[in-house]
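The next block holds one structure in the form of structure tokens; read it before the comments.
Reckoned from all heavy atoms, side chains included, excluding hydrogens, waters and symmetry mates. Protein chains get the first letters and strands the later ones, always in sequence-line order, with residue 1 at the start of each.
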Number of protein chains: 2
Amino acid sequence: MATINDIAEKLHISNATVSRALRSSGYVKAELKEKIFRTAEELGYAPNPLAVGLRTRRSHGISIVLPSMNNPVSVELLENLEKLADRNGYHVMISTTDGNIETERKYVQLLDAGLVDGTVLVPGPRRSPEEEYLQHIRKRNIALFNRDLAGLSLDVVKSDAVQAGRLAMEHLACRGYRRIGMILPPLETSLAQERLEGCQEGADAAGIRLEEKWMLRARGTTPAAGKAAADELLSRQSRPDGLLVLDNILTVGVLQALREKNLSLPEDLGLVSFDDIVNGELVGAGITYVGQPMPQIAEALFSLLLLRMEGQPGMARQSICLPVRLIERGSTRRL
Amino acid sequence: MATINDIAEKLHISNATVSRALRSSGYVKAELKEKIFRTAEELGYAPNPLAVGLRTRRSHGISIVLPSMNNPVSVELLENLEKLADRNGYHVMISTTDGNIETERKYVQLLDAGLVDGTVLVPGPRRSPEEEYLQHIRKRNIALFNRDLAGLSLDVVKSDAVQAGRLAMEHLACRGYRRIGMILPPLETSLAQERLEGCQEGADAAGIRLEEKWMLRARGTTPAAGKAAADELLSRQSRPDGLLVLDNILTVGVLQALREKNLSLPEDLGLVSFDDIVNGELVGAGITYVGQPMPQIAEALFSLLLLRMEGQPGMARQSICLPVRLIERGSTRRL
DNA sequence: CTGAAAGCGCTAACAA
DNA sequence: TTGTTAGCGCTTTCAG
């Protein structure tokens with residue numbers, strides 16, 4: 001590749017002048033400037049991002065670090081962030097951690113290493129506070145999605161998980177469901193806990209008593225785990241008439257279970273999923289769900305990052321919470 | 001961040017020695033080496049990838065450039081590649097082009113700029129040969145997925161699209177379907193063309209005549225386009241009894257159309273999709289499809305790239321074609 | 001308005 | 001076995 005030195009040499013000028021011209025920083029005579037641009041074109045010049053980055057300490061890259069991409073929500077996040085990044089002159093690095101905190105740390109550290117200028121992080125579950133490596137990351141250009149990590153002073157953008165729980169429960173309640181069952185993910189994340197909290201609030205408000213025996217905790221966040229939980233719940237003699245599934249990946253498994261047992265929605269059971277499943281409108285009569293505003297979430301995450309990367313330093317930590325919406329489809333009965 | 005110079009200074013040795021020790025290249029006394037590692041640890045040293053890259057011309061990054069992520073096949077590709085990359089010490093940059101060739105060029109050029117060492121490219125449609133920028137890319141560490149770009153001498157990994165067509169058609173034929181309809185994507189890519197070719201072969205072999213009137217070209221590769229095409233096809237007085245949908249995104253739209261028209265699979269129509277749709281097993285009686293071996297494809301793509309990036313130069317261009325499989329679910333009738 | 005020079009952090013000849 | 005030196009490509013004072 002041609003370098004600015006090649007251009008300088010060819011034009012018998014100094015590389016400093018070339019640099020100034022190409023970046024329109026500092027003075028350089030219009031005439032010369034044009035000549036420089038022409039030869040740059042001729043030689044097929046493109047700046048070396050590594051050199052620029054080394055010198056300026058800005059890489060114009062962001063990274064997205066998340067547990068996995070097997071969730072449509074993650075993919076949507078990714079898609080939206082990528083578009084925003086591109087539009088703002090940033091490229092994006094992506095890394096999946098599979099819930100492994102060591103991997104997570106490895107990639108978040110690339111921030112300090114200078115490979116990227118900012119990071120959108122969806123933290124995996126923490127087993128103990130000691131594992132928390134984030135406090136040792138110097139560069140604080142990190143925005144978290146949907147997880148609150150206490151006392152870390154990082155920007156957070158989340159959707160209102162408590163509201164989501166309330167909405168879902170209210171919906172079941174006002175559709176006449178009274179015996180409510182729940183399939184829960186492992187409650188390791190604040191997200192899951194808040195959803196549950198919201199459900200409880202909603203139940204209280206509607207005068208519904210949630211039976212412990214109908215609240216099943218899945219062993220993991222996989223379709224298989226969801227199916228296992230649903231299998232158990234649905235093989236009981238006494239069954240709920242409405243079901244809340246607090247994680248869309250679990251929902252997939254629950255639907256498999258229902259299909260095997262020849263139960264249909266909403267005839268045999270009402271169901272509300274937290275987050276949509278892909279093609280949810282095509283499954284049975286359509287899956288009713290509480291959905292997050294992913295484009296807005298991505299926008300908020302990126303703006304915060306951008307402020308940290310390009311704005312004033314010392315900006316106070318921000319926490320943004322966006323409202324969710326219940327999308328009614330056919331898995332709950334109509335009024 | 002601490003640098004090797006900080007370590008060198010603290011230990012009153014030269015940075016070269018530190019470098020050698022840390023990278024275990026060249027000689028350095030075991031004792032000293034250990035001391036170096038200890039202080040590196042103490043100081044929280046991490047190498048600056050930009051500096052390393054600038055010096056060595058190796059970034060240890062690959063990029064994945066594709067039209068979009070709204071296809072589960074793309075996402076699977078991404079997931080698999082990311083795992084392979086991580087396992088081999090590479091990080092991955094992702095960019096979606098939205099079919100825009102300028103964007104595509106911009107990101108592929110990062111190869112020459114040195115930001116990444118290799119690129120997996122899913123080219124968008126080309127309107128004319130003049131737009132073909134790829135010949136001007138100097139660094140040939142590019143592996144294409146499922147698109148053959150003639151005369152470019154780039155590695156290609158594809159699944160056998162012709163076989164896919166044959167399999168799908170044979171399946172319909174041997175299930176007794178005779179009046180075969182097809183929903184086609186715009187035939188801008190070799191992939192679509194080869195699938196169609198395979199269908200024709202399969203039809204010939206089975207003694208089925210494909211009626212032009214039942215072959216509809218969708219205007220785009222979106223669910224909406226698929227729905228529109230299906231709407232038109234299915235509102236005819238004379239209808240096919242078996243339907244081949246040559247693109248899974250179109251399949252989603254076709255299924256919407258069927259649902260609106262209250263047609264069910266396989267009672268009213270047999271359907272085979274090219275590539276699965278997400279949660280395809282949950283839609284109706286399940287969607288029968290011809291699927292690509294994405295993990296193997298990703299592996300092949302990454303190995304080729306790795307050979308180019310780390311192996312001997314001058315390796316001849318490779319073209320790998322992997323077999324597809326038909327997965328029978330419920331959208332075609334059983335024997 | 002332009003150039004000389006220093007240096008970002010690291011590696012790699014070469015010398016000692 | 002270690003150090004010296006040069007330089008990857010670029011930006012940025014500082015002088016002129």
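Between A/Y90 and A/F302, the ring-plane angle classifies as perpendicular under the 30° and 60° cut-offs.
Partners of B/Q296 according to the side-chain hydrogen bond (donor to acceptor under 3.5 Å, both in side chains) rule, which considers only residues two or more places apart in sequence or in another chain, do not exist here. Residues passing the side-chain hydrogen bond (donor to acceptor under 3.5 Å, both in side chains) test with A/E42 are A/K10, sequence neighbours excluded.
Distance CG (A/L22) to C1' (D/dG9): 13 Å, rounded to an integer number of Å. Rounded to whole Å, atom P of D/dG7 lies 16 Å from atom CG of B/N15. What separates CE of A/M1 from P of D/dC8 is a distance of 16 Å, to the nearest Å. Straight-line distance from the NE2 atom of B/H12 to the P atom of D/dT4: 14 Å, rounded to whole Å. The distance from atom CG of B/L50 to atom C1' of D/dT11 is 14 Å, rounded to the nearest whole Å.
Phosphate proximity of D/dG9 to A/T3: absent, as no side-chain N or O sits under 4.0 Å from OP1 or OP2. Side-chain nitrogen and oxygen atoms of B/T17 include at least one within less than 4.0 Å of the OP1 or OP2 phosphate oxygen of D/dG3.
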Worksheet item: Where do B/S59 and B/D117 land on the side-chain hydrogen bond (donor to acceptor under 3.5 Å, both in side chains) test, with the steps shown first?
Response: CA-CA 6 Å; B/S59 70; B/D117 296 333; 3.2 Å; yes
Discussion item. What verdict does the side-chain hydrogen bond (donor to acceptor under 3.5 Å, both in side chains) test give for A/T96 and A/S68, after you've listed the backbone C-alpha separation in whole Å, the side-chain angles of each residue and the deciding distance to 0.1 Å?
Written reply: CA-CA 5 Å; A/T96 59; A/S68 91; over 6 Å; no
Worksheet entry | Full working for side-chain hydrogen bond (donor to acceptor under 3.5 Å, both in side chains) between A/N146 and A/Q292 | CA-CA 10 Å; A/N146 263 4; A/Q292 312 181 51; 2.9 Å; yes
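Across the helix from C/dC1-D/dG16 to C/dA16-D/dT1, the helix axis at one end is tilted relative to the axis at the other end by 40° (nearest 10 degrees, each axis from five pairs).
Sorted by residue number, the members of residues 25-44 of chain B with any non-hydrogen atom under 4.0 Å from DNA chain D read B/Y27, B/V28, B/K29, B/L32.
The existence of a salt bridge linking A/D148 and A/K158 is excluded, since no basic side-chain nitrogen approaches an acidic carboxylate oxygen closer than 4.0 Å.
Contact annotation for A/S19: base contact, defined as any heavy-atom pair under 4.0 Å involving a base atom. Here A/R23 lies in heavy-atom contact (under 4.0 Å) with sugar-phosphate atoms only. In this structure, A/R20 reaches the bases: a heavy-atom distance under 4.0 Å links it to at least one base atom across the strands shown.
Once you apply a 4.0 Å limit to the heavy atoms of chain A, the touched nucleotides of DNA chain C run 5' to 3' over C/dC1 to C/dG9.
The salt bridge (Lys or Arg N to Asp or Glu O under 4.0 Å) analysis of residues 94-114 of chain B, with sequence neighbours excluded, yields the pairs A/D86-B/K106, B/E102-B/R105, B/E104-B/R126.
With 3.5 Å as the limit, one finds no donor-acceptor pair spanning the side chains of B/T56 and B/R58.
Judged by closest nucleotide on DNA chain D, B/S14 is the one of B/L54 and B/S14 placed further toward the 5' end.
If you take CD1 on A/I4 and CZ on A/R23, they are separated by 9.5 Å, rounding to the nearest 0.5 Å.
Using a 4.5 Å cut-off on side-chain heavy atoms (C-beta onward), B/S14 and B/T17 make contact.
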